[in-house]
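Heads up: the structure comes next, in C-alpha coordinates.
For ligands, and for the atoms within them, numbers begin at 1 and follow the listed sequence. All values below come from the heavy atoms of this structure, side chains included, with hydrogens, waters and symmetry mates left out.
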Amino acid sequence: MKRALITGIAGQDGSYLAEFLLAKGYDVFGLVLRDEPLRWIDPIKDRLILMEGDLRNQKSLDHAVRQALPDEVYHLGALPFVAISWKQPVLTADVNALGTTRLLEALRSITPHARIYHASTSEMFGLTEEIQTEEGLFHPRNPYSISKCYSHWIAVNYRESYDMYVCCGIMFNHESPRRGENFVTRKIARGVVDIKEGKQDCLYLGNLDVWRDWGYASEYVEVMWLMLQQDAPDDYIISTGEVHTVREFLEEAFCVVGLDAERNGKKGIEEAYIRKDNGQAVVRISPEFFRPVELTVLRGSNSKAKGKLKWEPKTRFRELVRIMVDYEMQNTRPTQSIREVKRR
Ligand code: NAP
(Lines give C-alpha, C1' and ligand atoms only; values in the text may rest on other atoms or scores of the structure.)
Protein backbone atom coordinates (compact mmCIF):
# COMPACT_ATOMS: atom_id res chain seq x y z
CA MET A 1 0.00 0.00 0.00
CA LYS A 2 1.44 3.41 -0.93
CA ARG A 3 1.72 6.11 1.72
CA ALA A 4 0.83 9.70 0.96
CA LEU A 5 1.37 12.79 3.09
CA ILE A 6 -0.87 15.81 2.40
CA THR A 7 -0.17 19.25 3.88
CA GLY A 8 -3.29 21.44 4.01
CA ILE A 9 -5.45 18.29 4.09
CA ALA A 10 -8.38 20.06 5.78
CA GLY A 11 -8.66 22.65 3.00
CA GLN A 12 -10.59 22.53 -0.27
CA ASP A 13 -8.03 20.67 -2.39
CA GLY A 14 -6.63 18.63 0.49
CA SER A 15 -10.03 17.18 1.37
CA TYR A 16 -10.85 16.17 -2.23
CA LEU A 17 -7.38 14.71 -2.64
CA ALA A 18 -7.68 12.72 0.59
CA GLU A 19 -10.95 11.17 -0.67
CA PHE A 20 -9.33 10.44 -4.05
CA LEU A 21 -6.24 8.75 -2.54
CA LEU A 22 -8.30 6.72 -0.04
CA ALA A 23 -10.35 5.41 -2.97
CA LYS A 24 -7.08 4.36 -4.64
CA GLY A 25 -6.11 2.39 -1.54
CA TYR A 26 -3.42 4.73 -0.17
CA ASP A 27 -2.57 5.12 3.50
CA VAL A 28 -3.25 8.82 3.84
CA PHE A 29 -1.38 10.96 6.37
CA GLY A 30 -2.38 14.57 6.79
CA LEU A 31 -0.84 17.63 8.36
CA VAL A 32 -3.37 19.81 10.16
CA LEU A 33 -2.65 23.15 11.74
CA ARG A 34 -4.95 22.37 14.62
CA ASP A 35 -7.06 19.32 15.31
CA GLU A 36 -10.38 21.24 15.26
CA PRO A 37 -12.29 22.16 13.20
CA LEU A 38 -11.47 19.50 10.62
CA ARG A 39 -14.10 20.91 8.27
CA TRP A 40 -14.35 18.88 5.07
CA ILE A 41 -12.32 15.91 6.31
CA ASP A 42 -14.41 15.41 9.44
CA PRO A 43 -16.55 12.66 7.81
CA ILE A 44 -13.43 10.69 6.78
CA LYS A 45 -11.18 11.46 9.75
CA ASP A 46 -11.24 7.87 11.04
CA ARG A 47 -9.68 6.66 7.78
CA LEU A 48 -6.86 9.20 7.89
CA ILE A 49 -3.75 9.50 10.04
CA LEU A 50 -3.71 13.13 11.10
CA MET A 51 -0.77 14.92 12.65
CA GLU A 52 -0.72 18.44 14.03
CA GLY A 53 1.96 20.58 12.44
CA ASP A 54 2.74 24.08 11.28
CA LEU A 55 4.66 25.05 8.17
CA ARG A 56 6.38 27.68 10.35
CA ASN A 57 7.77 25.01 12.65
CA GLN A 58 10.61 22.83 11.31
CA LYS A 59 10.37 20.28 14.14
CA SER A 60 6.71 19.58 13.47
CA LEU A 61 7.47 18.98 9.78
CA ASP A 62 10.41 16.68 10.56
CA HIS A 63 8.13 14.78 12.91
CA ALA A 64 5.33 14.48 10.35
CA VAL A 65 7.67 13.20 7.62
CA ARG A 66 9.23 10.66 10.03
CA GLN A 67 5.80 9.42 11.06
CA ALA A 68 4.45 9.17 7.53
CA LEU A 69 7.58 8.00 5.65
CA PRO A 70 5.64 8.92 2.50
CA ASP A 71 6.04 7.59 -1.04
CA GLU A 72 4.19 10.67 -2.27
CA VAL A 73 3.83 14.13 -0.76
CA TYR A 74 1.21 16.65 -1.79
CA HIS A 75 2.18 20.07 -0.50
CA LEU A 76 -1.05 22.07 -0.50
CA GLY A 77 -0.78 23.87 2.85
CA ALA A 78 -0.59 27.63 2.38
CA LEU A 79 -2.22 30.97 3.10
CA PRO A 80 -3.94 31.34 -0.29
CA PHE A 81 -6.08 34.44 0.08
CA VAL A 82 -4.71 37.32 -2.01
CA ALA A 83 -6.53 40.12 -0.15
CA ILE A 84 -5.23 38.92 3.23
CA SER A 85 -1.69 38.66 1.86
CA TRP A 86 -1.55 42.47 1.63
CA LYS A 87 -2.56 42.72 5.28
CA GLN A 88 -0.16 39.97 6.41
CA PRO A 89 2.74 39.88 3.94
CA VAL A 90 5.32 38.61 6.44
CA LEU A 91 3.12 35.76 7.66
CA THR A 92 2.25 34.90 4.05
CA ALA A 93 5.93 34.67 3.12
CA ASP A 94 6.76 32.67 6.23
CA VAL A 95 4.06 30.05 5.61
CA ASN A 96 4.14 29.87 1.82
CA ALA A 97 7.78 30.52 0.91
CA LEU A 98 9.79 29.45 3.95
CA GLY A 99 7.24 26.80 4.91
CA THR A 100 7.85 25.08 1.58
CA THR A 101 11.61 25.26 2.10
CA ARG A 102 11.25 23.75 5.58
CA LEU A 103 9.16 20.91 4.20
CA LEU A 104 11.61 20.27 1.35
CA GLU A 105 14.48 20.20 3.86
CA ALA A 106 12.65 17.62 5.99
CA LEU A 107 11.97 15.50 2.90
CA ARG A 108 15.52 15.83 1.58
CA SER A 109 17.00 14.54 4.81
CA ILE A 110 14.40 11.90 5.75
CA THR A 111 12.76 10.61 2.53
CA PRO A 112 14.71 11.99 -0.45
CA HIS A 113 13.07 9.51 -2.81
CA ALA A 114 9.51 10.58 -2.02
CA ARG A 115 7.69 12.06 -5.02
CA ILE A 116 6.53 15.59 -4.32
CA TYR A 117 3.72 17.71 -5.72
CA HIS A 118 3.96 21.46 -5.13
CA ALA A 119 0.88 23.69 -5.48
CA SER A 120 2.04 26.60 -7.63
CA THR A 121 -0.46 29.16 -8.91
CA SER A 122 -1.47 31.05 -12.04
CA GLU A 123 -1.28 34.22 -9.92
CA MET A 124 2.50 34.01 -10.48
CA PHE A 125 1.94 35.13 -14.09
CA GLY A 126 0.34 38.30 -12.80
CA LEU A 127 0.57 41.17 -15.19
CA THR A 128 0.65 39.24 -18.44
CA GLU A 129 -2.40 39.21 -20.66
CA GLU A 130 -1.26 36.57 -23.18
CA ILE A 131 -2.34 32.96 -22.86
CA GLN A 132 0.25 31.44 -20.56
CA THR A 133 2.34 28.31 -21.08
CA GLU A 134 4.80 26.60 -18.72
CA GLU A 135 7.57 28.76 -20.26
CA GLY A 136 5.75 32.04 -19.53
CA LEU A 137 7.42 34.78 -17.51
CA PHE A 138 6.20 35.51 -14.02
CA HIS A 139 5.26 39.03 -12.94
CA PRO A 140 3.53 38.52 -9.58
CA ARG A 141 1.40 41.42 -8.35
CA ASN A 142 0.60 40.65 -4.72
CA PRO A 143 2.38 39.26 -1.64
CA TYR A 144 0.61 35.89 -2.08
CA SER A 145 1.87 35.30 -5.61
CA ILE A 146 5.32 36.62 -4.72
CA SER A 147 5.54 34.08 -1.90
CA LYS A 148 4.35 31.41 -4.37
CA CYS A 149 7.05 32.38 -6.90
CA TYR A 150 9.60 31.71 -4.18
CA SER A 151 8.07 28.35 -3.25
CA HIS A 152 7.73 27.38 -6.93
CA TRP A 153 11.39 28.12 -7.65
CA ILE A 154 12.69 26.49 -4.48
CA ALA A 155 10.70 23.36 -5.43
CA VAL A 156 12.24 23.43 -8.94
CA ASN A 157 15.62 24.04 -7.37
CA TYR A 158 15.41 20.95 -5.13
CA ARG A 159 14.57 18.92 -8.25
CA GLU A 160 17.59 20.34 -10.10
CA SER A 161 20.04 20.43 -7.19
CA TYR A 162 19.28 17.15 -5.47
CA ASP A 163 17.66 15.15 -8.25
CA MET A 164 14.45 14.88 -6.23
CA TYR A 165 11.17 14.01 -7.96
CA VAL A 166 9.35 17.34 -7.58
CA CYS A 167 6.47 18.51 -9.80
CA CYS A 168 4.78 21.89 -9.76
CA GLY A 169 1.15 22.22 -10.79
CA ILE A 170 0.63 25.81 -11.94
CA MET A 171 -3.07 25.75 -11.26
CA PHE A 172 -5.57 28.32 -12.41
CA ASN A 173 -8.49 29.04 -10.07
CA HIS A 174 -10.49 26.02 -9.07
CA GLU A 175 -13.63 26.31 -7.04
CA SER A 176 -16.20 24.12 -5.33
CA PRO A 177 -18.67 24.24 -2.44
CA ARG A 178 -15.55 23.70 -0.26
CA ARG A 179 -13.92 26.96 -1.35
CA GLY A 180 -13.07 29.30 1.55
CA GLU A 181 -15.94 31.68 2.34
CA ASN A 182 -13.87 34.78 1.57
CA PHE A 183 -13.36 33.80 -2.07
CA VAL A 184 -15.63 35.62 -4.47
CA THR A 185 -17.23 32.55 -6.08
CA ARG A 186 -18.30 31.08 -2.75
CA LYS A 187 -19.36 34.48 -1.48
CA ILE A 188 -21.60 34.93 -4.53
CA ALA A 189 -23.03 31.39 -4.31
CA ARG A 190 -23.91 31.91 -0.63
CA GLY A 191 -25.05 35.48 -1.09
CA VAL A 192 -27.56 34.89 -3.90
CA VAL A 193 -29.11 31.96 -2.04
CA ASP A 194 -29.39 33.99 1.19
CA ILE A 195 -30.98 36.87 -0.74
CA LYS A 196 -33.43 34.55 -2.47
CA GLU A 197 -34.37 33.05 0.90
CA GLY A 198 -34.77 36.50 2.48
CA LYS A 199 -31.86 36.05 4.91
CA GLN A 200 -29.72 38.79 3.44
CA ASP A 201 -30.66 42.02 1.64
CA CYS A 202 -27.60 42.91 -0.32
CA LEU A 203 -24.30 41.39 -1.46
CA TYR A 204 -21.22 43.67 -1.44
CA LEU A 205 -18.61 42.90 -4.08
CA GLY A 206 -15.46 44.40 -5.59
CA ASN A 207 -14.44 44.58 -9.26
CA LEU A 208 -16.98 42.60 -11.32
CA ASP A 209 -15.04 42.86 -14.55
CA VAL A 210 -11.96 40.75 -13.82
CA TRP A 211 -11.60 37.61 -15.93
CA ARG A 212 -10.67 34.25 -14.44
CA ASP A 213 -10.34 30.65 -15.56
CA TRP A 214 -12.45 28.67 -13.08
CA GLY A 215 -12.24 24.89 -12.92
CA TYR A 216 -13.87 22.41 -10.55
CA ALA A 217 -11.56 21.54 -7.65
CA SER A 218 -12.78 17.99 -7.23
CA GLU A 219 -11.42 17.05 -10.66
CA TYR A 220 -8.17 19.03 -10.32
CA VAL A 221 -6.86 16.69 -7.61
CA GLU A 222 -6.63 13.77 -10.04
CA VAL A 223 -4.06 15.63 -12.10
CA MET A 224 -1.89 16.22 -9.01
CA TRP A 225 -1.73 12.46 -8.60
CA LEU A 226 -1.11 11.90 -12.33
CA MET A 227 1.95 14.18 -12.20
CA LEU A 228 3.52 11.89 -9.61
CA GLN A 229 2.93 8.73 -11.71
CA GLN A 230 5.14 9.78 -14.66
CA ASP A 231 8.66 8.58 -15.54
CA ALA A 232 10.15 11.99 -14.82
CA PRO A 233 9.07 15.04 -12.82
CA ASP A 234 7.88 18.14 -14.65
CA ASP A 235 5.75 21.27 -14.25
CA TYR A 236 2.30 21.65 -15.76
CA ILE A 237 -0.29 24.37 -16.20
CA ILE A 238 -3.72 23.17 -15.12
CA SER A 239 -6.64 25.20 -16.42
CA THR A 240 -9.88 24.88 -18.34
CA GLY A 241 -8.73 27.26 -21.09
CA GLU A 242 -12.00 29.25 -20.75
CA VAL A 243 -12.28 32.62 -19.04
CA HIS A 244 -15.30 34.34 -17.55
CA THR A 245 -15.84 37.50 -15.53
CA VAL A 246 -17.00 37.75 -11.94
CA ARG A 247 -20.05 39.52 -13.41
CA GLU A 248 -20.86 36.41 -15.49
CA PHE A 249 -20.52 34.26 -12.40
CA LEU A 250 -22.91 36.54 -10.53
CA GLU A 251 -25.50 36.65 -13.32
CA GLU A 252 -25.34 32.89 -13.79
CA ALA A 253 -25.86 32.43 -10.04
CA PHE A 254 -28.95 34.69 -10.25
CA CYS A 255 -30.30 32.41 -12.99
CA VAL A 256 -29.71 29.26 -10.94
CA VAL A 257 -31.71 30.57 -7.96
CA GLY A 258 -34.30 32.26 -10.16
CA LEU A 259 -33.62 35.82 -8.97
CA ASP A 260 -34.64 38.43 -11.52
CA ALA A 261 -32.28 41.38 -11.10
CA GLU A 262 -30.79 43.85 -13.55
CA ARG A 263 -27.87 46.20 -13.55
CA ASN A 264 -28.51 49.84 -12.80
CA GLY A 265 -26.00 52.63 -13.41
CA LYS A 266 -22.69 52.80 -15.19
CA LYS A 267 -20.34 49.82 -14.64
CA GLY A 268 -18.06 50.45 -11.66
CA ILE A 269 -18.32 51.75 -8.14
CA GLU A 270 -21.77 53.39 -8.63
CA GLU A 271 -23.54 50.42 -10.16
CA ALA A 272 -26.00 48.12 -8.42
CA TYR A 273 -28.16 45.14 -9.31
CA ILE A 274 -31.82 45.83 -8.63
CA ARG A 275 -34.43 43.17 -7.96
CA LYS A 276 -37.24 43.47 -10.47
CA ASP A 277 -40.01 42.27 -8.12
CA ASN A 278 -39.46 44.77 -5.28
CA GLY A 279 -36.94 47.34 -6.58
CA GLN A 280 -34.38 46.57 -3.86
CA ALA A 281 -30.63 46.63 -4.52
CA VAL A 282 -29.28 43.09 -4.19
CA VAL A 283 -25.69 43.81 -5.23
CA ARG A 284 -23.62 46.90 -4.52
CA ILE A 285 -19.98 47.62 -5.16
CA SER A 286 -17.79 48.32 -2.17
CA PRO A 287 -14.32 49.90 -2.51
CA GLU A 288 -13.04 47.78 0.40
CA PHE A 289 -13.05 44.74 -1.89
CA PHE A 290 -10.87 46.37 -4.54
CA ARG A 291 -7.22 45.33 -4.51
CA PRO A 292 -4.31 47.78 -4.51
CA VAL A 293 -3.35 46.28 -7.88
CA GLU A 294 -5.71 44.05 -9.80
CA LEU A 295 -5.08 41.31 -12.35
CA THR A 296 -7.70 41.88 -14.99
CA VAL A 297 -7.25 38.59 -16.77
CA LEU A 298 -5.53 35.23 -16.17
CA ARG A 299 -5.52 32.78 -19.05
CA GLY A 300 -3.55 29.58 -19.44
CA SER A 301 -3.06 26.79 -21.92
CA ASN A 302 -3.44 23.26 -20.57
CA SER A 303 -2.14 21.56 -23.73
CA LYS A 304 0.94 20.09 -22.04
CA ALA A 305 -1.21 18.41 -19.36
CA LYS A 306 -3.64 17.23 -22.04
CA GLY A 307 -0.84 15.77 -24.15
CA LYS A 308 1.44 14.25 -21.54
CA LEU A 309 -0.92 13.42 -18.68
CA LYS A 310 -3.99 12.73 -20.84
CA TRP A 311 -5.96 14.93 -18.46
CA GLU A 312 -8.79 17.23 -19.38
CA PRO A 313 -11.30 19.12 -17.22
CA LYS A 314 -14.90 17.98 -17.66
CA THR A 315 -16.95 20.46 -15.65
CA ARG A 316 -17.56 23.71 -17.49
CA PHE A 317 -18.35 27.14 -16.12
CA ARG A 318 -22.16 27.03 -16.00
CA GLU A 319 -22.19 23.60 -14.39
CA LEU A 320 -19.66 24.74 -11.80
CA VAL A 321 -21.86 27.70 -10.82
CA ARG A 322 -24.83 25.37 -10.55
CA ILE A 323 -22.90 22.91 -8.33
CA MET A 324 -21.86 25.71 -5.96
CA VAL A 325 -25.26 27.37 -5.78
CA ASP A 326 -27.10 24.04 -5.40
CA TYR A 327 -24.87 23.19 -2.45
CA GLU A 328 -25.76 26.46 -0.71
CA MET A 329 -29.47 25.88 -1.35
CA GLN A 330 -29.25 22.47 0.29
CA ASN A 331 -27.25 23.72 3.29
CA THR A 332 -29.22 26.59 4.73
CA ARG A 333 -27.90 28.91 7.41
CA PRO A 334 -29.52 31.21 9.97
CA THR A 335 -30.24 34.83 9.03
CA GLN A 336 -27.19 37.06 9.27
CA SER A 337 -26.93 40.70 10.25
CA ILE A 338 -25.94 43.21 7.57
CA ARG A 339 -22.75 43.87 9.56
CA GLU A 340 -21.74 40.21 9.38
CA VAL A 341 -22.54 40.04 5.69
CA LYS A 342 -20.44 43.11 4.86
CA ARG A 343 -17.47 41.85 6.84
CA ARG A 344 -17.06 38.74 4.64
P1 NAP B 1 -7.34 26.16 1.41
O2 NAP B 1 -8.70 25.55 1.33
O3 NAP B 1 -7.22 27.49 2.08
O4 NAP B 1 -6.36 25.14 2.14
C5 NAP B 1 -5.09 25.54 2.60
C6 NAP B 1 -4.73 24.69 3.78
O7 NAP B 1 -3.45 25.12 4.29
C8 NAP B 1 -5.72 24.77 4.95
O9 NAP B 1 -6.11 23.48 5.31
C10 NAP B 1 -4.92 25.45 6.05
O11 NAP B 1 -5.20 24.96 7.36
C12 NAP B 1 -3.49 25.04 5.70
N13 NAP B 1 -2.52 25.95 6.33
C14 NAP B 1 -2.57 27.30 6.40
N15 NAP B 1 -1.53 27.76 7.14
C16 NAP B 1 -0.81 26.68 7.52
C17 NAP B 1 0.37 26.50 8.31
N18 NAP B 1 1.00 27.54 8.86
N19 NAP B 1 0.80 25.24 8.53
C20 NAP B 1 0.14 24.17 8.02
N21 NAP B 1 -0.98 24.27 7.27
C22 NAP B 1 -1.44 25.51 7.02
O23 NAP B 1 -6.69 26.30 -0.05
P24 NAP B 1 -6.93 25.42 -1.37
O25 NAP B 1 -7.83 26.17 -2.27
O26 NAP B 1 -7.27 24.02 -0.98
O27 NAP B 1 -5.49 25.48 -2.04
C28 NAP B 1 -4.54 24.43 -1.87
C29 NAP B 1 -3.20 24.89 -2.42
O30 NAP B 1 -3.32 25.16 -3.81
C31 NAP B 1 -2.65 26.18 -1.80
O32 NAP B 1 -1.25 26.04 -1.70
C33 NAP B 1 -2.99 27.25 -2.81
O34 NAP B 1 -2.08 28.33 -2.75
C35 NAP B 1 -2.85 26.46 -4.10
N36 NAP B 1 -3.66 26.97 -5.21
C37 NAP B 1 -5.02 27.00 -5.09
C38 NAP B 1 -5.77 27.47 -6.16
C39 NAP B 1 -7.28 27.52 -6.08
O40 NAP B 1 -7.90 28.10 -6.98
N41 NAP B 1 -7.90 26.89 -5.10
C42 NAP B 1 -5.15 27.88 -7.35
C43 NAP B 1 -3.76 27.79 -7.43
C44 NAP B 1 -3.03 27.33 -6.36
P45 NAP B 1 -6.57 25.35 8.12
O46 NAP B 1 -7.56 24.42 7.50
O47 NAP B 1 -6.31 25.03 9.53
O48 NAP B 1 -6.80 26.79 7.84
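- Cluster annotation: Tyr273 and Val325 are assigned to the same hydrophobic cluster (Ile/Leu/Val/Met/Phe/Trp/Tyr, side-chain heavy-atom contacts under 4.5 Å, transitive).
- Not a single donor-acceptor pair under 3.5 Å links the side chain of Ser176 to the backbone N or O of Ser218.
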field: Criterion side chain to side chain donor-acceptor pair (under 3.5 Å) on Ser120 and His118, from CA distance to verdict
entry: CA-CA 6 Å; Ser120 300; His118 174 260; 3.0 Å; yes
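- In summary, Lys304 and Asp234 engage in a salt bridge, as defined by a charged side-chain N under 4.0 Å from a carboxylate O.
- In this structure Thr240 satisfies the side chain to side chain contact (heavy atoms under 4.5 Å, CB included) test together with Asp213, Tyr220, Glu242, Pro313, Arg316, sequence neighbours excluded.
- Within 4.0 Å of ligand 1, counting heavy atoms only, the contacting residues are Gly8, Ala10, Gly11, Gln12, Asp13, Leu33, Arg34, Arg39, Gly53, Asp54, Leu55, Leu76, Gly77, Ala78, Leu79, Pro80, Val95, Ala119, Ser120, Thr121, Tyr144, Lys148, Met171, Phe172, Asn173, His174, Arg179.
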Evaluation steps, ring pair (Phe, Tyr, Trp, His ring centres under 6.0 Å), between Phe125 and Phe138: CA-CA 4 Å; Phe125 291 121; Phe138 298 149; 5.3 Å; yes
